[in-house]
Amino acid sequence: MTSAGYLLFETAVGTCGLAWNADGAIRAVQLPEHTEASTRMRLQRRSSDAVESMAPPESIRTAITRIRGLLSGVRDDLRDLPLDLNGVPPFYQAVYAIARRIPVGQTLTYGELATQLDEPGAARAVGQALGRNPIPIVIPCHRILAATGNGGFSAHGGVNTKRRLLAIEGARLDGGQLRLL
């Protein structure tokens, strides 16, 4: 067993961060911010009890390698990486479970995801859950779009970051707009 920790790491899209619990399960991922310092600060806010570590457990080293790969165009859905969703509301957990099943390079709309939850009127609630996703990339909230196009994205860079992530994954772009696959 290890202690809760976090670290920053370089990827093809910039400096990301990852925090883990004492059991080595991922509890937060931070996409790049304006600066490395702001990336670190946002990650620390999400995992205030974690200590920065350059010697993460093997499961975390593996997760980082795979996240780097995905962000470089390797088709890896990251579904099997262990997550710590303690304190996350059950509805959000259900949304995240469906999001994790979306294949790399594919998308769903908020409404389609709500329908898969057997709550077809809950598209807005799905969007709220995705906006509070503590583990982006591993829980691929960027793969969920509004029925009319991209929808929002809470990471630095907003919709442009979402488009970039989907382009890396091979989602088709039509005139700058994502085509639902």
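As a basis for the values below, the full set of heavy atoms in this structure was taken, side chains included, without hydrogen atoms, waters or symmetry mates. Owing to the predicted nature of the structure, the values given are computational and were not obtained by experimental measurement.
Taking all atoms of both residues into account, the shortest heavy-atom contact from Ser47 to Ala19 is OG-CB, 3.2 Å. The nearest pair of heavy atoms linking Ala4 to Arg27 is CB-NH2, 3.8 Å. The two residues Leu7 and Pro56 have their closest heavy-atom pair at CD2-CG, 3.5 Å.
Remark: the backbone N or O of Glu33 is paired with a side-chain donor or acceptor of Thr39 at under 3.5 angstrom. Without hydrogens or angle criteria, Glu112 side chain to Thr109 main chain gives a donor-acceptor distance under 3.5 Å.
Sorted by first and then second residue, the pairs that involve residues 78-102 and meet salt bridge (Lys or Arg N to Asp or Glu O under 4.0 Å), not counting sequence neighbours, are Arg66-Asp80, Asp77-Arg79. For residues 55-64, every residue pair satisfying the salt bridge (Lys or Arg N to Asp or Glu O under 4.0 Å) rule, not counting sequence neighbours, is listed here: Glu58-Arg61.
Qualifying side-chain contact (heavy atoms from CB on, under 4.5 Å) partners for Glu169, counting only residues two or more places apart in sequence or in other chains: Leu70, Val104, His142, Arg143, Leu166. Contacts of Ser72 classified as side chain to side chain donor-acceptor pair (under 3.5 Å), with partners at least two apart in sequence or in another chain: none. With sequence neighbours excluded, the residues forming a side-chain contact (heavy atoms from CB on, under 4.5 Å) with Ser53 are Trp20, Ala55, listed by chain and number. With sequence neighbours excluded, no residue forms a side chain to side chain donor-acceptor pair (under 3.5 Å) with Ser59. The side-chain contact (heavy atoms from CB on, under 4.5 Å) check on Thr11 picks up Phe9, Val13, Cys16, Arg68, Leu71, with sequence neighbours excluded. By the side-chain contact (heavy atoms from CB on, under 4.5 Å) test, Glu36 pairs with Leu8, Glu10, Thr15, Arg40, sequence neighbours left out.
Here OG of Ser3 is found 11.5 Å from CG of Asp23. Values are rounded to the nearest 0.5 Å. Atom CD1 of residue Ile67 and atom CG of residue Leu18 lie 5.0 Å apart, to the nearest 0.5 angstrom. Distance check: Leu113 CG to Leu145 CG gives 11.0 Å after rounding to the nearest 0.5 Å. With rounding to the nearest 0.5 angstrom, the CE atom of Met41 is 12.5 Å from the CZ atom of Arg46.
With a 4.5 Å cut-off on side-chain heavy atoms, Leu108 and Gln116 count as touching. Side-chain atoms of Thr107 and Ile144, non-hydrogen and from C-beta on, never get closer than 4.5 Å to each other. Annotation: side chain of Tyr96 is in contact with side chain of Val88 (closest heavy-atom distance under 4.5 Å).
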I'd like to know whether Thr62 forms a side-chain hydrogen bond (donor to acceptor under 3.5 Å, both in side chains) with Thr65, so could you lay out the CA-CA distance, the side-chain angles of the two residues, the decisive distance to 0.1 Å, and finally the verdict.
CA-CA 5 Å; Thr62 298; Thr65 298; over 6 Å; no
Working for side-chain contact (heavy atoms from CB on, under 4.5 Å), residues Phe91 and Glu119
CA-CA 11 Å; Phe91 178 79; Glu119 297 198 37; 4.0 Å; yes
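Leu85 is not connected to Tyr6 by any chain of hydrophobic side-chain contacts under 4.5 Å among Ile, Leu, Val, Met, Phe, Trp and Tyr, and they are in different clusters. Hydrophobic clustering (side-chain heavy atoms under 4.5 Å, transitive across Ile, Leu, Val, Met, Phe, Trp, Tyr) groups Ile102 together with Val95.
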Could you pull out every donor-acceptor pair under 3.5 Å between side chains of residues 125-138 and any protein atom, sequence neighbours left out?
{"residue": "Arg132", "atom": "NH1", "partner": "Tyr92", "partner atom": "OH", "Å": "3.1"}
{"residue": "Asn133", "atom": "OD1", "partner": "Ile135", "partner atom": "N", "Å": "2.8"}
{"residue": "Asn133", "atom": "ND2", "partner": "Ile139", "partner atom": "O", "Å": "2.8"}

